[in-house]
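Structure, as structure tokens:
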Amino acid sequence: MEAIPSDNKATTAPDGGFNFLTPEAWKALLSGYSHVVLVANSEAVDLERLRSELPETALYVFFNKVYKVLDEPFVGHSMLVARSDVMGAHIVHRREAADVLRFFGGDDFLGVVNIRVSAEENLSEKSCFEGAKARHLDLTQMLADLYPIGKIATSGFAVALWLGDLQLPGKILLAGFSAKRSEKWKVFDVHDWTFEQIFLRLFARMGSISMVGGVNASPYSALAKRFPEVPPIEIAMTAAEVLSERLDNTNSQIDRLMSVTKFIRAVDNFFRRFKPKTRKQRFLEKSQG
């Protein structure tokens, strides 16, 4: 594999606290890899199988709390994306940077990329990442007119879209992007999971990225083969009609569940008033006061 170029086009804040690269510098940095694999923190990830099927020239991009998918230090080309919120990078203000970065090291680790996707989020300075090489990436403008209003993009979606726009020579592979809730991991409502799945699957079918899990083999494509005389728009409208009916039925059951659990929720809300404020809540109150 060719040597990775230095960040000769990086731009740094006057105090040296931030390290931004130009799109050209990012492309030069990542173009040496045959694959750029985005590894979601999901039970759907089979990292051992991925590594057995992909060449050693693949770069694996992890996100935030990597101990969800890693049991031991990662050996191979890797990069860590650290998402920010109003207090800075999550792993920094939650004091988890050391616990996360212990999974990486050596010359094959490209370092940390601290990203933000909305104006409310703040980046953390390079010195906050336990001595690891840190770069910064601001994706607010890229997502401003794209993502649904009132929701915030996930880190994986934002990075996938950004990589697709870079037009790298290597393949971009998304692993574990299922958007499914499990007993182990939450699916937060602040993100628009439906929009992201539609966008990413269209992106995949256009050939800009690939998704592990056979996304290109849509079950609805079998309907088009079985009914070649039916226009695709009719198949789509029929599918939407069925899904709409099923959603209405689900909403009816949710309404019933909300009614049954009304007392339980009232008790829960009462006791929540006595719960100590989090560091984030105290930070927001202090910054607004």
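All residue numbers in this chain count up from 1 along the given sequence.
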Residue pair [X] / [Y], side-chain heavy-atom distance below 4.5 Å:
| X | Y | value |
| --- | --- | --- |
| Val39 | Phe177 | no |
| Leu59 | His35 | no |
| Phe62 | Ser78 | yes |
| Tyr60 | Leu54 | yes |
| Leu101 | Val112 | yes |
| His90 | Asp85 | yes |
| Leu257 | Thr261 | yes |
| Leu163 | Leu30 | yes |

So, using side chain to side chain donor-acceptor pair (under 3.5 Å) as the criterion, who are the partners of Arg49 when residues are at least two apart?
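By the side chain to side chain donor-acceptor pair (under 3.5 Å) rule, Arg49 matches Glu53.
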
Pairwise distance [atom1]([X]) to [atom2]([Y]) - rounded to 0.5 angstrom:
| X | Y | atom1 | atom2 | result |
| --- | --- | --- | --- | --- |
| Leu173 | Ile209 | CG | CD1 | 9.0 Å |
| Leu143 | Arg116 | CG | CZ | 11.5 Å |
| Met79 | Tyr33 | CE | OH | 8.5 Å |
| Leu161 | Glu196 | CG | CD | 10.0 Å |
| Arg94 | Lys65 | CZ | NZ | 5.0 Å |
| Arg83 | Leu137 | CZ | CG | 11.5 Å |

Asn64 and Val81: CA distance, side-chain angles, deciding distance, side chain to side chain contact (heavy atoms under 4.5 Å, CB included) verdict:
CA-CA 6 Å; Asn64 302 305; Val81 172; 5.8 Å; no

Kindly assign one of parallel, tilted or perpendicular to the pair Phe199 and Phe203, based on the angle between their ring planes and the thresholds 30° and 60°.
tilted

How are the rings of Tyr67 and Phe103 set to each other: parallel, tilted or perpendicular (split at 30° and 60°)?
tilted

Donor-acceptor contact below 3.5 Å, side chain [X] vs main chain [Y]:
| X | Y | answer |
| --- | --- | --- |
| His191 | Ile152 | yes |
| Asn269 | Arg265 | yes |
| Asp192 | Lys151 | no |
| Gln197 | Trp193 | no |

What pairs meet the ring-ring contact (aromatic ring centres under 6.0 Å, His included) rule with one or both residues in residues 221-257, with sequence neighbours excluded?
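Pairs touching residues 221-257 that pass the test: none.
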
Walk me through it: do Ser84 and Asn122 pass the test side chain to side chain contact (heavy atoms under 4.5 Å, CB included)?
CA-CA 6 Å; Ser84 279; Asn122 295 301; 5.8 Å; no

As a quick check of understanding, evaluate side chain to side chain contact (heavy atoms under 4.5 Å, CB included) for Met142 and Asp165, giving each step before the final call.
CA-CA 10 Å; Met142 181 189 74; Asp165 287 345; 4.0 Å; yes

Residue pair Trp162, Val159: steps toward the side chain to side chain contact (heavy atoms under 4.5 Å, CB included) verdict:
CA-CA 5 Å; Trp162 169 68; Val159 172; 4.2 Å; yes

Might you point out which heavy atoms bring [X] and [Y] nearest each other, and give the distance in Å?
| X | Y | value |
| --- | --- | --- |
| Ala89 | Asn114 | CB-ND2, 3.7 Å |
| Ala160 | Leu200 | CB-CD2, 4.1 Å |
| Ala82 | Phe129 | CB-CE2, 4.1 Å |

For Phe74, does the six-membered ring have the charged nitrogen or CZ of Arg51 within the cation-pi criterion, i.e. under 6.0 angstrom from the centroid and within 45° of the normal?
yes

Can Val75 be reached from Leu47 by stepping across I, L, V, M, F, W or Y side chains whose heavy atoms are under 4.5 Å apart?
no

Answer yes if Met237 and Ile235 sit in the same cluster of Ile, Leu, Val, Met, Phe, Trp and Tyr residues linked by side chain heavy atoms under 4.5 Å apart, and no otherwise.
no

How far apart are the C-alpha atoms of Lys68 and Glu43, what are their side-chain angles, what is the distance that settles it, and do they pass the salt bridge (Lys or Arg N to Asp or Glu O under 4.0 Å) test?
CA-CA 9 Å; Lys68 291 184 176 182; Glu43 291 176 342; over 6 Å; no

